[in-house]
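Just so you know, residue 1 is the first one in the sequence shown, and it goes up from there. As the structure is a computational prediction, the values presented were derived from the model and not from experiment.
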Amino acid sequence: MDLGLGMAGGARQATPLESEASTPTALSGRVRAELERALFRRMPAALSASLICAGLVAYNVWADVPRIPLVAWIALMVAGTCGRFWLWHRGRFKLGGVGSLSHRDRTALVAGAAFGGVLWGAITALVVLSSASAPDVMLVAFVSAGIGAGAMAGFSVYPAMFYASLFSNLVPATAVLFIRAEPPYPIMGATLLVFAAAVLFFGRNLRRGMEKSVVLRFENLDLVRGLARAREDAEALVEERTQALSRANRDLEWRIRETNRTEAALRDTAAQLNLIADNLPVYISLIGPDFRYRFVNAKYRLSLGLAAKDFVGRPISEVFGAKVFEEVKPHLERALAGHPAVYEVTRRFSEGERILRVVLVPQRGEDGAGNSVVSLAVDVTDERLREHALRESEERLRRVIQNMPVMMYALDHEGHIIAWNRECERVTGFAAARIVGQAKGFSFLFPEAPYRDEVRRSIFSHEDFRDWEAGVTCADGTVKTVSWFNISGSFPVPGWGSWGIGVDVSDRTRARESLEQALVHERELGELKSRFVAMASHEFRTPLTSIQASVDLIRRYGERMSEEQKFENFRSINREIATVTALLEDILTLGRAEAGQVGFHPAAIDLQALCLDQLERAKLVAKSNHEFKFDWVGQCEAVFADEQLVRHILTNMLSNAIKYSPKGGLIAVNLICGERDFRLSVSDRGIGIPAEGRELLFDAFHRFANVGTISGTGLGFAIMHRAAERHGGTISVESVEGVGTTVTALLPSTPPEMVSVAALQPK
């Protein structure tokens, strides 16, 4: 119901929720929700009492009824009670949030109540039909009646649930008591019927009483709320009218005070403006649309030695002459048309000629049309003189910067080049027009992004640096080394992010690199000499010692030696002499190659015969467990090559194969002769070459760790490599440590008349 009072002004209106709650339909829903809340407040006690009574009944009839149905009944009773507790738990939260249960929830509650009533009717029927104990029957009937009375107390607020519980309980119990005809069962059945009727009567009355009580409580609550709203509306209206009247009075008083203050302020402002205008170092005047003066300040008057009466009301042409008027008239007309104007003029005053910057500000009337012009003139003579001096200074500085004998650059805060002198143009080849102000200017100088970022970070680190060398890419693609000096941290320039100078030190860098290379080469020569001395002292001592031992044996015991023993000693002497000779030849050959004195004299040679000859020589120094094999393909009788260089290559191939296969095995020599080149390779089954350090294979005196006590100089591959280079060919190696090695020389077969001058130059 709507209890709001219809009052004018700020009367408070009932909210939609309050109006809806006052209608009969809304009131019925609120009553039903309140009754359901009452039901849910009683359900836990009713369910707990039902479960306790079930335990009491089961305990008393345990010995008099069949166990299986009783146990099943107890289980169903516990399960049903738990399910109804779950329904109570879920519905309790819905009532708290929604206000009423859904149709599905109500159906579940009615079904749960009916299920509980059926269980109690079932236990009554079971005890009456199966027990001969009258006390048990009376107990069960009493408890069943008590459960019915409890339904009236607990479920009467919800009739459907109350009826479902009562009828499903008492009807089966009453029926089974009448079925068992012997006394006192029919009497107990009649008693239960009377009890059921009484419970129905009292339960219905109880429900109606509770419903009326809830309805009355809600109606009283709505009435109280309506009265409260009406009182609040009345109080608000009175307060609003009172405040409005107070505000009107205060506004009137404030306006009177403000009017007085405004008039006084206007008078003060006029006086202050006159005072300010007269004391400003600016020439101020007010000119009307008829080009007559309406006001001039003191500085204007004093500068010309005139009084106010000599200006006010007089036209410009009369004060300054027609020539000056024609000069300023276009600017005044523009200002009167509503457009500000700025211009500079030169005027002669008592202290001489001065340059004035004049600003004309249009003044508009109420109709929006220009009715006057305020002229503000400032003496800018000194400023113009300073600007002229500054321009001359800047020009001198620009000429100095442009003609400095060092590179000078500047960057803005975004990293763009904004200064680039002639030395920068000369060194890099990039003109200033291509670099200055261009987004990609920095990228031209440092095309590689990582290096460019590193340079930019170094420049903008706000730390000064000196003699920092960086490579700069020039316009022709060459890279020059520039030594940069950045002192912008100590001497910042406004508007510049960073600046510095640079010197082209490419020549110095190349000289330093040459010195470093010379030092490295000198160090390598020193190491080479050390290795040579160590090698020579070892490699020469061993064969010479062997020769000396053989000579001593022949001298002392020659008369007692057989011819075969003498021959063997002489053969050993010859072998060691050949070793020393070969070692000396290798050293001399390498020395000539390093000095660029190895000649190249190609001629037609029988390469097949040369290989057979070298094989026979190799067999003299080989061991008995070595086996040799020679295969050739092609026309090898007239191959154009330098015989001496080829002999050096093959000799060292065979020497290495024999030396580094101490357990013997097959040594295969393969020769393939083509029209333009020939391939010579030697394979062994020796100790092989380790993969680690193989890049040093062609260095002089380099030996690998797996050679052990095998003697050697480390010159073989170096000699082969240099001999192949003189031919314009290559040496390749295929090796597996512990399996064997194959060394291949691929050399061109070039007639002497086709040998170019470049081929004769040492590499």
Nearest-0.5 Å distance that lies between atom CG in Leu332 and atom OG in Ser375: 7.5 Å
Flag side-chain contact, heavy atom, 4.5 Å: Leu360 against Val374: no
Check against side-chain contact (heavy atoms from CB on, under 4.5 Å), Val682 and Leu654: CA-CA 7 Å; Val682 176; Leu654 291 171; 4.2 Å; yes
Rounded distance [0.5 Å steps], CG in Leu680 versus CG in Asp677: 12.5 Å
Residue pair Met653 / Thr741, side-chain heavy-atom distance below 4.5 Å: no
Test log, rule side-chain contact (heavy atoms from CB on, under 4.5 Å), inputs Arg676 and Ser749: CA-CA 5 Å; Arg676 295 182 177 276; Ser749 176; over 6 Å; no
Main-chain N/O of Leu336 paired to Asn371 side chain as donor or acceptor, under 3.5 Å: no
Side chain Ser735, main chain Pro690, donor-acceptor under 3.5 Å: no
Candidate pair Arg426 and Glu423, rule salt bridge (charged side-chain N to carboxylate O under 4.0 Å, His left out), full reasoning: CA-CA 5 Å; Arg426 186 192 67 79; Glu423 182 67 8; 2.6 Å; yes
Taking every non-hydrogen atom, the tightest pair across Gly429 and Ala475: O-CB, 3.6 Å
Non-hydrogen side-chain atoms of Ser285 and Ile287 separated by less than 4.5 Å: yes
Closest non-hydrogen atom pair between Ala433 and Gln438, with its separation: O-NE2, 3.8 Å
Straight-line distance of Arg422 CZ to Met407 CE, nearest 0.5 Å: 15.5 Å
Side chain Lys480, main chain Thr473, donor-acceptor under 3.5 Å: no
side-chain contact (heavy atoms from CB on, under 4.5 Å) partner of His388, chosen from Arg386, Arg391, Arg384: Arg391
Test item: Asp504 side-chain N/O and Val427 main-chain N/O as donor-acceptor pair under 3.5 Å: no
Distance-minimising heavy-atom pair for Ala335 and Pro362: O-CB, 2.9 Å
Any side-chain heavy-atom pair of Leu650 and Leu610 under 4.5 Å: yes
Presence of salt bridge, Glu327 and Lys323, under 4.0 angstrom: no
Other residues, nucleotides, ligands: >12 heavy atoms within 6.0 Å of Glu448 CD: no
Inter-residue atom distance Leu645.CG - Glu725.CD, 0.5 Å rounding: 11.5 Å
Min side-chain heavy-atom separation Asp642-Arg726 under 4.5 Å: no
Arg434 NZ/CZ over Phe444 ring centroid, <6.0 Å and within 45° of normal: yes
Output field: ring centroids Phe291/Phe325 closer than 6.0 Å: yes
Value rounded to 0.5 Å, distance of CG in Leu607 from CZ in Arg647: 10.5 Å
Test side-chain contact (heavy atoms from CB on, under 4.5 Å) applied to Tyr283 and Leu356, step by step: CA-CA 9 Å; Tyr283 303 95; Leu356 302 178; 3.7 Å; yes
Taking every non-hydrogen atom, the tightest pair across Ile355 and Thr381: N-OG1, 2.7 Å
Criterion side-chain contact (heavy atoms from CB on, under 4.5 Å) on Phe678 and Ile672, from CA distance to verdict: CA-CA 6 Å; Phe678 63 93; Ile672 301 175; over 6 Å; no
Contact check, side chains of Val639 and Cys673, non-hydrogen atoms, under 4.5 Å: yes
Any donor-acceptor pair under 3.5 Å from Thr428 side chain to Cys424 backbone: yes
Chi angles and distances behind the ring-ring contact (aromatic ring centres under 6.0 Å, His included) call for Phe430, Trp420: CA-CA 9 Å; Phe430 286 109; Trp420 192 252; 7.7 Å; no
Carboxylate-amine/guanidinium contact Lys329 Glu326, below 4.0 Å: no
Where Met408 and Trp499 come nearest, the two heavy atoms and their spacing: CE-CE3, 3.9 Å
Phe446 and Phe442 aromatic ring geometry - parallel, tilted or perpendicular at 30°/60° bounds: tilted
Candidate list Ile501, Asn486, Ile418, test side-chain contact (heavy atoms from CB on, under 4.5 Å), partner Tyr409, passing option: Asn486
Backbone N/O of Val282 and side chain of Asn297: donor-acceptor pair under 3.5 Å: yes
Exam field: side chain Tyr660 to backbone Ser655, donor-acceptor pair closer than 3.5 Å: no
Flag side-chain contact, heavy atom, 4.5 Å: Val479 against Val472: no
More than 12 heavy atoms from other groups under 6.0 Å of CD on Glu675: no
Flag if over 12 foreign heavy atoms under 6.0 Å of CZ, Arg466: no
Spacing of CG belonging to Leu747 relative to OG1 belonging to Thr730, to within rounding of 0.5 Å: 7.5 Å
Closest non-hydrogen atom pair between Thr744 and Ser681, with its separation: OG1-CB, 3.4 Å
Glu469, CD atom: more than 12 neighbouring heavy atoms under 6.0 Å: yes
Heavy-atom neighbours of Arg679 CZ exceed 12 at 6.0 Å: no
Close side-chain approach of Val319 to Tyr293, heavy-atom, < 4.5 Å: yes
